[in-house]
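Below is one structure; the comments refer to it alone.
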Amino acid sequence: MMFASGLIFTNAVPSYAIATAMAEDPVTVHDTDTHQVQTLTVQDVNIETFQRDGYSVVAPPPPPPPIPQVSGVATAQTEATGSGGFDVRWPFAAPSPISSGFGPRTAPCGGCSSNHKGLDFNPGNGTQIQAIAGGVVRSAVSSDSGLGVHVIIEHEIDGTKVTSTYAHMQFGSVPLTKGQVIAAGDPVGRVGNTGASTGAHLHLEIAVAGEQIDPYAWLKAFAG
């Protein structure tokens with residue numbers, strides 16, 4: 001009879017209701033056919049809840065953009081323009097040590113200045129020097145005093161007149177002549193030790209609108 005009553009109870013009450021009732025209080029079942037009353041008490045019931053496993057498909061994120069590689073040396077122009085445009089570069093195709101910056105200093109020799117108007121590069125004797133921008137050669141001097149063998153080039157950068165001076169170069173290394181139009185990166189001469197110099201180096205000066213400025217700061221701004 002208890003088994004039959006249990007079947008009636010199971011069919012008459014939802015499964016989730018059974019679990020809740022059993023977990024809280026004894027259950028009284030009234031059989032309408034036999035008029036008997038059954039009381040069931042269930043102990044130590046562990047209720048487990050099962051959920052359907054769910055999943056979603058997410059498209060993978062796009063790959064990150066490539067990181068640009070900065071070499072510090074601008075790409076060469078395809079032809080000379082005479083104005084220089086915005087193609088500005090360092091005076092050497094590869095990085096070079098700098099031995100003396102722009103501004104006040106202790107003069108390194110009797111004929112050397114204590115207020116340095118340029119920037120001294122030390123890439124090694126005979127290293128090829130390149131024009132920092134396209135322009136027109138204003139002078140090409142072969143001398144063994146002062147700036148020694150040097151070249152002055154006039155450029156137009158961002159609508160402003162700029163001149164660059166390359167000094168202390170080797171005798172016979174300058175391929176340029178006054179009035180010649182050149183492009184950025186064209187050969188200017190080779191590193192030497194002519195004029196008032198204590199060793200092979202390039203003394204580079206830059207003037208903007210006639211005023212000499214720090215070449216390093218200017219090159220960092222325009223050549224990167």
Side-chain angles (χ1 to χ4, degrees), residues 65-81 83-109 112-113 115-137 140 147-158 160 162-176 180 182-208 211-224:
I67 300 175
Q69 300 299 315
V70 180
S71 65
V73 180
T75 56
Q77 283 182 247
T78 56
E79 62 182 31
T81 63
S83 66
F86 295 97
D87 184 7
V88 179
R89 61 191 67 193
W90 294 82
F92 299 101
S96 167
I98 295 174
S99 61
S100 184
F102 179 85
R105 66 174 183 176
T106 301
C109 68
C112 299
S113 66
N115 186 16
H116 199 216
K117 296 297 184 180
L119 190 65
D120 289 349
F121 293 86
N122 295 85
N125 190 35
T127 302
Q128 183 68 65
I129 302 165
Q130 63 183 13
I132 63 169
V136 179
V137 178
L147 294 177
V149 177
H150 65 280
V151 169
I152 299 176
I153 303 174
E154 185 177 291
H155 321 271
E156 185 178 337
I157 309 295
D158 198 15
T160 303
V162 178
T163 59
S164 58
T165 302
Y166 312 78
H168 307 304
M169 294 185 288
Q170 290 182 351
F171 285 108
S173 68
V174 177
L176 308 176
Q180 182 176 345
I182 63 170
D186 280 355
V188 173
R190 294 188 178 276
V191 172
N193 189 30
T194 58
S197 172
T198 58
H201 70 286
L202 168 67
H203 171 82
L204 176 71
E205 295 182 6
I206 292 180
V208 177
E211 181 181 354
Q212 288 180 308
I213 63 169
D214 183 356
Y216 183 82
W218 189 87
L219 287 169
K220 284 290 289 183
F222 282 88

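Note that the numbering runs from 1 along the sequence shown for the chain.
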* To do: Could you check whether the rings of Phe121 and Trp90 sit parallel, tilted or perpendicular, using 30° and 60° as the cut-offs?
  => perpendicular
* **Nearest heavy-atom neighbours spanning Gln180 and Leu176** => OE1-CA, 3.4 Å
* Out of curiosity, Ile132 CD1 to Asp87 CG, how far, rounded to the nearest 0.5 Å? -> 11.0 Å
* Asked: Which heavy-atom pair separates Val174 from Met169 by the least distance, and what is that distance?
  -> CG2-CE, 3.7 Å
* Please identify each residue that fulfils side-chain contact (heavy atoms from CB on, under 4.5 Å) with Gln128, with sequence neighbours left out. => Pro187, Arg190
* To do: Determine yes or no for a side-chain-to-main-chain donor-acceptor pair under 3.5 angstrom, with Thr194 supplying the side chain and Val149 the backbone.
  => yes
* Are any of the side-chain heavy atoms of Val162 and Trp218 separated by less than 4.5 Å? -> yes
* What pair of heavy atoms forms the shortest contact from Ala200 to Asn122, and how long is it? -> O-ND2, 3.6 Å
* Asked: Less than 4.5 Å apart, any side-chain heavy atom of Lys117 and any of Thr165?
  -> no
* Structure fact -> In short, His203 meets Asp120 closest at the heavy-atom pair ND1-OD1, 3.1 Å
* To do: Please report the shortest heavy-atom distance between Asn125 and Val191, naming the atom on each side.
  => OD1-O, 3.0 Å
* Report yes if some heavy atom in the side chain of Leu219 is under 4.5 Å from a heavy atom in the side chain of Leu204; otherwise report no. => yes
* Given side chains that start at C-beta, do those of Leu147 and Glu205 come closer than 4.5 Å, heavy atoms only? -> yes
* Closest contact, heavy atoms only, Gln130 versus Gly185 -> CB-O, 3.5 Å
* Structure fact -> Rounded to the nearest 0.5 Å, the CD1 atom of Ile157 sits from the OG atom of Ser164 at a distance of 8.5 Å
* To do: Supply the atom-to-atom distance Asn193 CG to His168 NE2, rounded to the nearest 0.5 angstrom.
  => 8.5 Å
* Asked: Is the closest side-chain heavy-atom distance between Leu202 and Phe92 below 4.5 Å?
  -> yes
* Contacts of type side chain to side chain donor-acceptor pair (under 3.5 Å), residue His150, not counting sequence neighbours -> none
* Nearest 0.5 Å please: distance from the OG1 atom of Thr127 over to the CD atom of Gln170. => 9.0 Å
* side-chain contact (heavy atoms from CB on, under 4.5 Å) involving Ala131 - partner list, sequence neighbours excluded -> Ile153, Tyr166, Ile182, Val188
* To do: Please confirm whether the backbone N or O of Tyr216 pairs with a side-chain atom of Asp214, one donor and one acceptor, at under 3.5 Å?
  => yes
